[in-house]
Amino acid sequence: MNAARTNFTLPTLEDLEVEDLRVLVRADLNVPLEDGAIADDLRVRASVPTLEALLERGARLAVCSHLGRPKGKVREELRLAPVASRLAELLQRDVLALDEVVGEEAERACASDADVVLLENLRFEPGEEANDAGFAAALASFAQAYVNDAFGSSHRGHASVVGVPALLPCAAGLLLAREVAELERLLEGPEHPFVAVLGGAKVSDKLGVIRNLLERVDAVVVGGAMAFTLLAAQGHDVGGSRVERGRLDEIRDTLKEAEAKGVDVLLPSDVMAAEGIGEGSPHEVVSLAGIGSRMGVDIGPETAARFGDVIAAARTVLWNGPMGIFEIDDYAAGTKAVALAIAEATSKGAFTVAGGGDSAAALVELGMTDAVSHLSTGGGASLELLEGKELPGVAALRKERS
Ligand code: 3PG
Ligand code: MG
């Protein structure tokens, strides 16, 4: 089925009987950590409305999530304890944080009358990624109903995402439902001009999205390292910049398709060139021809102005991926200019969406999370949805109903 139609049959929280029941909530609490502390709590905050709605209706919760990629083994630095503390602050309630995912302790906690239990990192158990039937059954045994609110994980066919909903009455949480609806708005009847702003390291991650959007967008604006692969495909010399050589033919085909469909593809004409990607390495703004042995680490000011004009005049904007290495101040100007242009479009009534972990991180860093109509908590999940794929976690909920 077409991804654009899934939302019509998504069971919602209201469809689910929850009073006096334990509800297993799959959330995506996979937050960035720095020295054991949460560096950005966007995903924890985004999961709160569903948890509160369920608690208000008299449910007791067993919340579960993965954190990082421990690959089926306990890794002390990936325990969910810091997330439990933040969640308790936000909910203003006790959160009983377990140090196991399944087992006797988890069974006892879920059978108790504790309002909010947080299971340990799902990926400590090999059964999670393997979608093991026994592991899914063990998770399901803790609860009488299941809610998937983990939009950012719904492209994964893991036990907590696709295994459990086959075993319990289930529904989409508020975040999952909103994410799907907002992203589908980009695919279904978007207002024009519709501009897709793409950046980040690798063009290979984004080609599927570009192809699916060519039917719908008026312009594709490309920055970040991926722009150099497109420029190289057009025959430009990009010096020491990163190029995915294996993708050049595919990209030439995609560029031809864009031309045939009348979609403008805007690429950098000037860049910040640096001798290394580290902080403090010598850098200057140059035209493409001037990069030489250096590498491009941000779009230049002339490019930023050109991109900004197109973005600010759009009625619909999708932004995925930074324009340069924005974590380093000297290379953040292009990303900031794009964020400001998107904020301007939003303030003039455009529908604007930022998706992908790095664009969200850039907006958080710039203190500009309000600059977009919708800030997606999904990275890979939002890309797969925009490629036109149905997310396995969403399909698993829909199936339950039909
Ligand atoms: C994400 O951060 O994109 C999601 O939490 C999914 O994590 P994963 O890419 O490790 O599956
Ligand atoms: Mg990821």
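One-based numbering, in listed order, for ligands and for the atoms of each. Bear in mind that the values here come from a model prediction, so they are computed numbers and not experimental data. Computation of the quantities below employed the complete heavy-atom set of this structure, encompassing side-chain atoms and omitting hydrogens, waters and symmetry-equivalent molecules.
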Which atoms of ligand 1 have any heavy atom of [X] under 4.0 Å away?
{"X": "H66", "result": "4 (C), 5 (O), 6 (C), 7 (O)"}
{"X": "D28", "result": "4 (C), 5 (O)"}
{"X": "R69", "result": "8 (P), 9 (O), 10 (O)"}
{"X": "G152", "result": "4 (C), 6 (C)"}
{"X": "N30", "result": "1 (C), 2 (O), 4 (C), 5 (O), 7 (O)"}
{"X": "R156", "result": "8 (P), 9 (O), 11 (O)"}

Taking a cutoff of less than 4.0 Å between a non-hydrogen atom of the residue and any ligand atom, is E129 in contact with ligand 1?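 No heavy atom of E129 comes that close to ligand 1.
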
Do you know which two heavy atoms are closest between F142 and A106, and how far apart they sit?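 Shortest heavy-atom separation between F142 and A106 comes out as CZ-CB, 3.6 Å.
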
Taking heavy atoms and a distance under 4.0 Å, where does H158 meet ligand 1: side chain, backbone, both or neither?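 Answer for H158: neither.
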
Exactly one of L391, V162, L385, V180 should register a side chain to side chain contact (heavy atoms under 4.5 Å, CB included) with S154. Which one does?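 With S154 as partner, side chain to side chain contact (heavy atoms under 4.5 Å, CB included) holds for just one option, L391.
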
Kindly determine whether E179 and S382 satisfy side-chain hydrogen bond (donor to acceptor under 3.5 Å, both in side chains), including the steps that lead there. CA-CA 8 Å; E179 290 271 17; S382 62; over 6 Å; no

Side-chain contact test, heavy atoms from C-beta onward, threshold under 4.5 Å: evaluate it for I277 versus Y331 and give yes or no.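 When only atoms from C-beta onward are counted, Y331 and I277 do not touch, as no gap falls below 4.5 Å.
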
Distance under 6.0 Å and angle within 45° of ring axis: R315 vs F351: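 No; the conditions do not both hold, so R315 does not lie above the ring face of F351.
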
More than 12 heavy atoms of other residues, nucleotides or ligands under 6.0 Å from CD of E327: is that the case?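 Correct, the count exceeds 12.
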
